[in-house]
Amino acid sequence: MSATAAATPSCYHRSDNNQRRTRTHCRGGVCSSVVVAIRVNPLSKPTAIASSGSLLFGDVLLTRPRRDLAAPDGSSRRGRPTCPVMEWQDCTVKMEVGVPASVAYRLYSDRESIPRWMPFISAVKVMEDKPDLSRWYLKNIVFGIDIEYSWIAQNMQPIPDQKIHWRSLEGLKNRGAVRFYPRGASACLIELTASYEVPPLLVPVASALQPFMEGLLRQCLERFATLAKSKSI
């Protein structure tokens with residue numbers, strides 16, 4: 001260890017205000033700043049989107065954590081490659097539905113009908129030559145940002161009247177399962193679990209994305225329960 005590095009103690013600095021909390025760690029003459037907490041109205045529309053994917057909400061800039069580009073000797077670190085770690089999030093919602101598990105399972109198995117109770121899914125197309133594969137199209141507005149994604153999903157081996165599960169093969173990375181638990185002869189509990197890799201555009205608001213998605217999925221199950229009860233699917 002160099003004398004300079006040994007003589008420079010580690011230190012932490014925290015900067016707090018009503019919208020953002022920043023932590024700075026300095027060691028050996030190198031400082032790293034990380035935004036550890038942000039507060040943004042989910043309904044706000046960003047006033048600008050930088051090429052890096054950072055979002056500007058009024059005067060609050062949501063940006064990915066980064067290291068200072070200055071090395072101890074004053075040289076630049078700009079040429080060093082970075083390897084971002086993509087974040088996965090898990091969402092689980094449950095709801096009791098007033099139809100038998102066998103009926104709910106059959107209705108949910110019709111993948112091309114799913115957009116009827118999941119409005120943010122614009123279309124699902126089952127592949128004729130490979131019926132276990134389907135192409136999904138997502139279109140929605142998240143925190144004022146228009147997003148559109150697609151992916152190919154593979155349905156794994158189901159358990160009739162009990163479980164449907166899938167994983168994506170290409171496109172937006174996701175996986176999940178729908179489980180059906182009987183509640184007497186005329187009702188069941190549906191448990192929907194969905195996991196997804198946070199898209200780069202939404203990384204700056206990842207901390208608010210999970211509760212947003214859980215609320216959205218809960219609304220979808222409410223729509224499914226209504227449609228299933230009325231036999232209108």
Side-chain angles (χ1 to χ4, degrees), residues 86-143 145-182 187-203 205-206 209-233:
M86 303 308 293
E87 177 183 354
W88 277 79
Q89 293 184 345
D90 303 309
C91 298
T92 299
V93 294
K94 302 178 182 180
M95 182 162 298
E96 189 161 319
V97 179
V99 296
S102 59
V103 173
Y105 174 90
R106 175 177 57 81
L107 295 173
Y108 216 108
S109 297
D110 184 1
R111 284 164 287 170
E112 294 190 349
S113 293
I114 286 179
R116 297 188 64 183
W117 64 84
M118 280 192 173
F120 66 92
I121 299 296
S122 57
V124 180
K125 302 294 183 183
V126 176
M127 298 185 182
E128 294 183 2
D129 56 336
K130 295 182 178 180
D132 62 320
L133 301 181
S134 53
R135 182 173 290 278
W136 293 61
Y137 301 88
L138 180 153
K139 185 176 182 180
N140 199 22
I141 299 177
V142 179
F143 304 114
I145 308 170
D146 291 315
I147 61 171
E148 290 189 40
Y149 296 101
S150 66
W151 63 91
I152 292 179
Q154 178 184 34
N155 269 39
M156 313 301 285
Q157 183 64 39
I159 302 176
D161 300 342
Q162 296 182 42
K163 181 182 178 182
I164 300 169
H165 57 135
W166 74 90
R167 63 175 182 176
S168 65
L169 301 180
E170 63 178 59
L172 183 67
K173 295 182 180 179
N174 67 93
R175 58 180 177 263
V178 188
R179 294 175 173 84
F180 305 86
Y181 302 96
C188 67
L189 177 70
I190 297 180
E191 179 183 86
L192 170 60
T193 301
S195 303
Y196 52 86
E197 186 179 73
V198 178
L201 181 62
L202 298 178
V203 167
V205 291
L209 183 60
Q210 185 176 19
F212 173 86
M213 285 302 302
E214 287 181 342
L216 200 60
L217 293 175
R218 189 170 292 107
Q219 292 175 13
C220 292
L221 280 188
E222 290 173 353
R223 290 173 62 91
F224 177 83
T226 301
L227 292 170
K229 187 67 175 178
S230 65
K231 312 295 184 182
S232 62
I233 296 180

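Side chains included, hydrogens not; waters and symmetry mates left out as well; all remaining heavy atoms used.
The ring-ring contact (aromatic ring centres under 6.0 Å, His included) contacts involving residues 156-176 comprise nothing, where partners must be two or more places apart or lie in separate chains. Residue pairs meeting the salt bridge (charged side-chain N to carboxylate O under 4.0 Å, His left out) criterion with at least one member in residues 163-176, sequence neighbours excluded, are Arg135-Glu170. Residue pairs satisfying the side chain to side chain donor-acceptor pair (under 3.5 Å) criterion with at least one member in residues 94-104, sequence neighbours excluded, are listed as follows: Lys94-Glu191. Every pair tested for salt bridge (charged side-chain N to carboxylate O under 4.0 Å, His left out) that includes a residue from residues 122-133 fails, sequence neighbours excluded, so the list is empty.
Scanning for side-chain hydrogen bond (donor to acceptor under 3.5 Å, both in side chains) contacts around Ser109 gives an empty result, with sequence neighbours left out. Thr92 pairs by the side-chain hydrogen bond (donor to acceptor under 3.5 Å, both in side chains) definition with Thr193, not counting sequence neighbours. Residues satisfying the side-chain hydrogen bond (donor to acceptor under 3.5 Å, both in side chains) test with Ser168, not counting sequence neighbours, are none. Checked against ring-ring contact (aromatic ring centres under 6.0 Å, His included), Tyr105 has the following partners two or more places apart in sequence or in another chain: Phe180. Considering only residues two or more places apart in sequence or on other chains, Pro211 meets the side chain to side chain contact (heavy atoms under 4.5 Å, CB included) condition with none of them. Annotation: side-chain hydrogen bond (donor to acceptor under 3.5 Å, both in side chains) contacts of Asn140 (sequence neighbours excluded): none. Gln210 pairs by the side chain to side chain contact (heavy atoms under 4.5 Å, CB included) definition with Gln89, Cys91, Tyr196, Glu214, not counting sequence neighbours. Every side chain to side chain contact (heavy atoms under 4.5 Å, CB included) that Pro115 has, sequence neighbours left out, goes to Ile121, Val124.
Gln157 contributes atom CD, which lies 9.0 Å from atom CD1 of Ile159 (distance to the nearest 0.5 angstrom). Between Asp90 atom CG and Met213 atom CE the span is 12.0 Å, to the nearest 0.5 Å. Atoms CG and CZ, from Leu189 and Arg179 in turn, are 11.5 Å apart once rounded to the nearest 0.5 Å. Once rounded to the nearest 0.5 Å, the distance linking CD of Gln154 with OG of Ser134 reads 9.5 Å. In this structure, Leu227 CG and Arg116 CZ are separated by 6.0 Å, a value rounded to the nearest 0.5 Å. The CG atom of Asp161 lies 10.0 Å from the SG atom of Cys188; values are rounded to the nearest 0.5 Å.
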Full working for side-chain contact (heavy atoms from CB on, under 4.5 Å) between Ile152 and Met127: CA-CA 10 Å; Ile152 292 179; Met127 298 185 182; 3.6 Å; yes
Verdict with supporting geometry, Leu138 and Trp151, side-chain contact (heavy atoms from CB on, under 4.5 Å): CA-CA 9 Å; Leu138 180 153; Trp151 63 91; 3.7 Å; yes
Steps toward side-chain contact (heavy atoms from CB on, under 4.5 Å) verdict (Val97, Tyr108): CA-CA 12 Å; Val97 179; Tyr108 216 108; over 6 Å; no
Ring pair (Phe, Tyr, Trp, His ring centres under 6.0 Å) between Phe212 and Phe143, intermediate numbers included: CA-CA 9 Å; Phe212 173 86; Phe143 304 114; 5.3 Å; yes
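Proximity of a side-chain donor or acceptor of Glu112 to a complementary backbone N or O of Val126 within less than 3.5 Å is detected. In this structure a side-chain-to-backbone donor-acceptor pair under 3.5 Å is missing from Ser195 to Gly176. When atom types are taken as modelled, the side chain of Asn174 and the backbone of Leu172 share a donor-acceptor pair closer than 3.5 angstrom.
In this structure, the side chains of Pro119 and Arg223 come closer than 4.5 Å at one or more pairs of heavy atoms. You'll find the side chain of Pro131 stays beyond 4.5 Å of the side chain of Leu133, heavy atoms only. At least one side-chain heavy atom of Arg218 sits less than 4.5 Å from a side-chain heavy atom of Met95. With a 4.5 Å cut-off on side-chain heavy atoms, Phe224 and Leu107 count as touching. Leu201 has its side chain within reach of Tyr149: a pair of non-hydrogen atoms, C-beta onward, lies under 4.5 Å apart. Residues Ile114 and Trp136 form a side-chain contact, since some pair of their non-hydrogen atoms from C-beta on lies under 4.5 Å apart. Side-chain contact between Thr226 and Glu222: absent, with no pair of heavy atoms (C-beta onward) separated by less than 4.5 Å.
The heavy-atom pair separating Val93 from Leu221 by the smallest distance is CG2-CD1, 3.7 Å.
Just one residue in the list Leu209, Val205, Leu216 forms a side chain to side chain contact (heavy atoms under 4.5 Å, CB included) with Val142, and that residue is Leu209.
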